[in-house]
Each structure stands twice: as structure tokens, then as C-alpha cells.
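Residue numbers begin at 1 in each chain, while the letters A, B, ... track the order of the sequences.
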2 protein chains.
Amino acid sequence: MTLSTAVYRELRTEVLSGRLKPGVKLRAEDLRKRFNIASSPIREALNRLVSEGFVALEDQKGFRVAPVSESDLQELVLARCAIDGAAISESIRRFDVPWEEGLVLALHRLSRASRQADEQLPVGEMSWENLHREFHCALVSGCGSRWTRRISEQLFDAAERYRLLAAQQISERNELAEHQAIVEACLSRRPADAVDLLQRHYGMTFSVIMGSPDAPALQAD
Amino acid sequence: MTLSTAVYRELRTEVLSGRLKPGVKLRAEDLRKRFNIASSPIREALNRLVSEGFVALEDQKGFRVAPVSESDLQELVLARCAIDGAAISESIRRFDVPWEEGLVLALHRLSRASRQADEQLPVGEMSWENLHREFHCALVSGCGSRWTRRISEQLFDAAERYRLLAAQQISERNELAEHQAIVEACLSRRPADAVDLLQRHYGMTFSVIMGSPDAPALQAD
DNA sequence: CAGGCAAATAATCTCAAAATTTATGAAATT
DNA sequence: AATTTCATAAATTTTGAGATTATTTGCCTG
């Protein structure tokens with residue numbers, strides 16, 4: 001792997017996990033010292049993140065972690081409702097067996113995972129966050145379009161960033177039940193129910209994030 | 001504007017217009033000579049295009065113009081049907097007056113434009129291609145989500161690339177009538193019709209592209 | 001206090017060369 | 001003849017120092 005790619009992945013992870021706060025300046029010089037490499041690979045990594053929307057670039061003013069706002073989150077949730085809704089509906093219409101099985105498996109794994117992030121994970125085991133991501137990918141994986149799947153993943157990552165920014169300790173809120181209900185609607189081929197449950201699920205996410213103690217931070221940046 | 005940004009725009013235009021063919025190697029050294037600048041801004045521009053999917057990057061093997069394929073186009077069209085369909089439906093549900101008026105205006109301008117690209121455009125006038133893009137943006141601009149709008153634009157650009165690659169002389173096929181029918185369905189608040197017409201419109205695009213004399217080129221790359 | 005100016009800082013770009021990886025093609029081996 | 005080996009060539013990535021251009025800062029003047 002090239003240095004550019006390594007730095008790209010590291011910065012992407014840090015932005016998405018909320019370790020790098022919105023609006024923070026990303027000076028090539030600082031990052032150069034931090035990673036102990038020259039500035040070219042750093043600028044290349046930052047440029048990739050710019051096109052992904054996780055880093056903002058103003059000509060001659062350098063890079064910043066992409067800002068957040070309540071309206072942005074609201075429109076993000078709206079986009080996810082529309083796009084993932086269409087994708088899940090199409091998945092049910094097609095009803096591939098690999099899709100069905102992948103979904104069951106992803107739900108099972110997610111249900112077994114603990115949300116306690118502090119305890120050390122056994123080697124080779126994925127975190128709840130990663131399994132949650134896999135689950136949402138599995139939901140839309142039967143839609144027949146890699147374009148749609150890629151977009152759905154990007155939107156998930158953007159939304160997850162908001163969740164992790166707002167919530168160090170958010171109520172667990174029995175998401176498992178919501179996930180199970182969605183899968184049930186999928187398996188029994190009830191597209192309208194599945195879409196409805198999915199959109200409620202996203203709507204809940206929005207409320208929980210905006211209701212969290214850290215939510216006011218969304219105004220400041 | 002920085003050099004990076006200028007090169008980014010130029011390369012993006014050339015890839016999307018089909019002047020740079022799929023699979024073609026993009027060597028920093030060659031581009032350096034061509035633009036007569038150093039390689040850093042060139043690599044930065046290429047890295048931005050990588051995240052956008054218009055340039056492919058394999059570590060240690062350099063940059064190439066993103067490949068194309070029939071299945072990719074098919075899945076692209078599917079994504080556009082789902083996403084723009086949802087967006088247009090939501091736009092009608094909301095029915096903002098600015099959206100309605102923007103749509104009428106965009107259609108009017110598009111109807112006045114000539115498709116002859118060879119003749120010199122009067123200063124300040126947009127090409128049919130640009131007006132067509134504006135029209136499609138206007139269609140989904142009432143959906144209430146900047147995320148959805150951005151995604152719709154990116155998908156339009158990717159699809160337009162296929163159209164321009166496949167078609168130097170494609171039948172004009174009375175697209176104007178299709179556009180008018182979609183707008184009519186929007187203005188009279190018939191979401192199901194609008195979505196249906198839009199999806200047929202995209203489906204036609206797919207058939208026309210795959211039926212063009214240049215279509216076999218889609219296999220080779 | 002507002003506006004302007006110069007110095008300091010930051011961002012972008014250049015250039016030459018080093019380090020690393022991949023591609024090439026001839027010689028050796030099976 | 002086909003495959004492997006290996007040295008060489010070429011390409012990609014990275015370095016690091018410095019030049020250039022734009023922005024910010026803080027002082028000074030009006």
C-alpha cells in the first residue's frame with residue numbers, strides 16, 4: 001500500500017469516527033510532522049477526501065474537516081430514506097437468494113455483537129459498528145446496482161459520523177428490534193412495510209442524534 | 001483558482017466528454033509536459049478524480065481513465081431510475097413554487113437550444129448539453145435534500161459520459177417531447193406518471209447508447 | 001476606530017533526485 | 001517450445017529544500 005493510501009484511510013477513519021472534529025484545520029505541515037512523511041502523500045490523501053465530502057477545501061485557504069449542521073443531517077437522513085428505501089424495495093422485488101441469506105447472516109452476527117467498545121475485541125471479531133455497517137450494506141445489496149450500493153455506503157458513513165460525533169453514550173434504544181423487524185418484512189416480501197420500518201429507523205436516528213447532549217455542537221461549526 | 005483545481009476541471013471535462021477514452025493511462029509525466037506545470041498539482045487533481053470514480057487508481061500502477069462496461073451502464077441507469085425517481089416524486093409531493101418555476105424555465109431554455117454543436121455559440125449562451133444538465137438538475141431540485149441533488153448530478157455526469165462516448169451522431173429521437181411530458185406530469189402533480197416517464201426516458205437512453213455503432217467499444221475496455 | 005500597509009504566516013507550486021515497485025526481455029532451465 | 005530466473009529498464013511514489021503567491025496579522029496613521 002502506498003503512503004497516500006495509508007494516510008487517506010487513517011484520516012478518513014478519524015474524520016468518520018469523530019476523533020477529528022468538524023471545522024478543524026488540516027495543515028499539511030502538521031500532518032507531515034505527525035506521520036513523519038513528506039507533504040505530497042498527505043496532500044494527495046486530503047484531495048481524495050475532498051471529493052468524498054469528508055474534507056472541505058477552499059482554494060488558497062487549505063483543508064478543513066468538513067463542517068456539520070442540523071440541516072445537513074436532516075437532508076442526509078432524507079436522502080437515505082429515499083435512496084435506501086428504493087434500494088430495499090427493489091431488493092425485495094428481485095429477491096435473490098444470496099441477498100436473503102446474506103441478510104439473515106448479517107442480522108445474526110449483529111445480534112451477537114456487544115456494543116461495549118471499551119472491552120478488547122477477540123482477534124478476528126468485528127466491532128458492533130462494523131457489523132452494523134455490514135448489516136445496512138446487506139439490506140440494499142440485492143438492488144442490482146453497484147452504483148446504488150456505493151452511494152448507500154457513502155451515505156451510511158456520513159450518517160455514522162454524525163452519530164459518533166453526537167453520541168458518546170446514547171441510549172441503546174433497542175435497535176436490534178428495529179433491525180429484526182426490517183429483516184422480517186424483507187423475508188416475508190412486504191416491501192411497503194420494509195421501507196416504512198427503514199425510514200422510521202432513520203428518523204429515530206435523527207431524533208436521537210439531535211436530542212443528544214452533544215447536539216448543540218452541531219450549531220457551532 | 002489554483003493549478004490543482006484548474007487541472008482537475010480540465011481533466012474532468014475531458015473524461016466526461018469522452019475526449020479521454022476509458023482505460024487510457026494518465027501518466028503524471030505526460031500531463032506535466034502537456035500542461036507545462038510540475039507534477040504535484042497534477043497528482044492532486046488525479047486524486048480528486050479517483051474519489052469521484054472518473055479515474056481509476058491501482059497502487060504502484062498509476063492512474064487510468066475509469067473503464068466502462070455494459071453492465072456498469074446498466075447498473076448506472078438502474079441507480080438513476082431509483083434515485084431520480086424518488087427525488088422527482090418527493091419534489092412533486094412538496095411542490096415548491098421555486099421548483100415549479102425553475103423547471104418551466106429550464107424546459108423553455110432547453111427547447112430553444114440547438115443540438116448542433118459544431119456551429120459557434122453566441123457568447124453567454126449555453127450548449128444543449130449544459131442546458132440538458134440544468135434541466136435534469138431542475139427536475140430533482142425540489143426534493144429537499146442537497147445530498148440527493150449532488151448524487152443525482154454525479155449520476156447524470158457519469159451517464160452523460162456514456163452517451164458522449166457512444167454517440168457522435170445519435171438520432172435526436174425527439175427527446176424534447178419526452179422532457180415536455182415529464183414536466184407536464186410534474187406540473188399537474190401526477191407523481192406516478194412523472195416517475196414512469198422519467199424511467200422510460202432513462203431506459204431509452206440505455207437502449208440508444210447500447211445500440212449505437214460505437215457500443216461494441218464498451219466491451220474492449 | 002477605520003483603513004491601509006508591511007511583515008509574518010500559510011498555501012501552493014517547482015525542481016531534482018532518491019527509493020520503491022513493476023515491466024521487459026534475454027539467458028538459462030525444464 | 002514453454003517456463004523460470006534474473007538483471008535491467010521504466011514507471012510510480014516519495015523526499016526535501018526552496019520559490020512563489022495569497023492570506024492573515026498587527027501595527028501605524030489618519
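- For the pairing with B:Asp157, the salt bridge (charged side-chain N to carboxylate O under 4.0 Å, His left out) check across B:Arg150, B:Arg12, B:Arg80 returns one residue only, B:Arg12.
- Closest contact between the side chain of B:Pro41 and the listed nucleotides D:dT23, C:dC13, D:dT12 involves C:dC13.
- Of the listed nucleotides (C:dT12, C:dA23, D:dT15), D:dT15 has the atom at the smallest distance from the side chain of A:Ala38.
- Spacing between atom CD of A:Glu29 and atom C1' of C:dT12 amounts to 13 Å, rounded to whole angstrom units.
- Closest-nucleotide positions on DNA chain D for A:Asn36 and A:Asp59 were compared, and the one nearer the 5' end corresponds to A:Asn36.
- Distance CG (B:Leu26) to P (D:dT12): 10 Å, rounded to an integer number of Å.
- Relative to the side chain of A:Arg27, the nucleotides C:dA23, D:dA11, C:dA11 differ in distance, and C:dA11 lies closest.
- Within the 4.0 Å cut-off from OP1 or OP2 of D:dT14, at least one side-chain nitrogen or oxygen of A:Ser4 is found.
- Nucleic acid contact for B:Ile42: none, since no nucleic acid atom lies under 4.0 Å from a heavy atom of the residue.
- Note on ring orientation: taking the six-membered ring where Trp is involved, the planes of B:His136 and B:Phe156 are tilted (angle from 30° to 60°).
- The heavy-atom pair separating B:Pro22 from B:Pro67 by the smallest distance is CB-CA, 4.1 Å.
- What separates CZ of B:Arg32 from P of D:dA11 is a distance of 13 Å, to the nearest Å.
- For A:Lys25, the listed nucleotide lying nearest its side chain is C:dA11; candidates were C:dA11, C:dT22, C:dT12.
- Between A:Lys61 and D:dT24, a side-chain N or O to OP1/OP2 separation shorter than 4.0 Å is present.
- Rounded to an integer number of Å, the gap from B:Phe63 CZ to D:dA11 P is 16 Å.
- Between A:His179 and A:Trp128, the two ring planes are tilted [angle within 30° to 60°].
- Counting non-hydrogen atoms under 4.0 angstrom, B:Ser40 reaches a base of the nucleic acid.
- Here the P atom of nucleotide D:dT14 and the CG atom of A:Leu3 are 5 Å apart, to the nearest Å.
- For A:Gln60, the listed nucleotide lying nearest its side chain is D:dA22; candidates were D:dT24, D:dT15, D:dA22.
- The interatomic distance linking B:Leu31 (CG) with D:dT12 (C1') rounds to 14 Å, in whole Å.
- A salt bridge is absent between B:Glu125 and B:Arg112; no separation between the charged side-chain nitrogens and carboxylate oxygens falls under 4.0 Å.
- Using a 4.0 Å heavy-atom distance criterion, A:Ser39 is classed as making no nucleic acid contact.
- Listed nucleotides C:dA10, C:dT22, C:dT12 differ in distance to A:Leu57; the shortest reach to its side chain belongs to C:dT12.
- C:dT14 atom P lies 16 Å from atom NZ of B:Lys33, rounded to whole Å.
- Rounded to the nearest 0.5 Å, atoms OH (B:Tyr202) and CG (B:Leu76) are 10.0 Å apart.
- If you take CD of B:Glu44 and P of C:dT14, they are 10 Å apart, rounded to a whole angstrom.
- Between C:dT22, D:dT14, C:dT14, one nucleotide has an atom nearer to the side chain of A:Thr2 than all others, and that is D:dT14.
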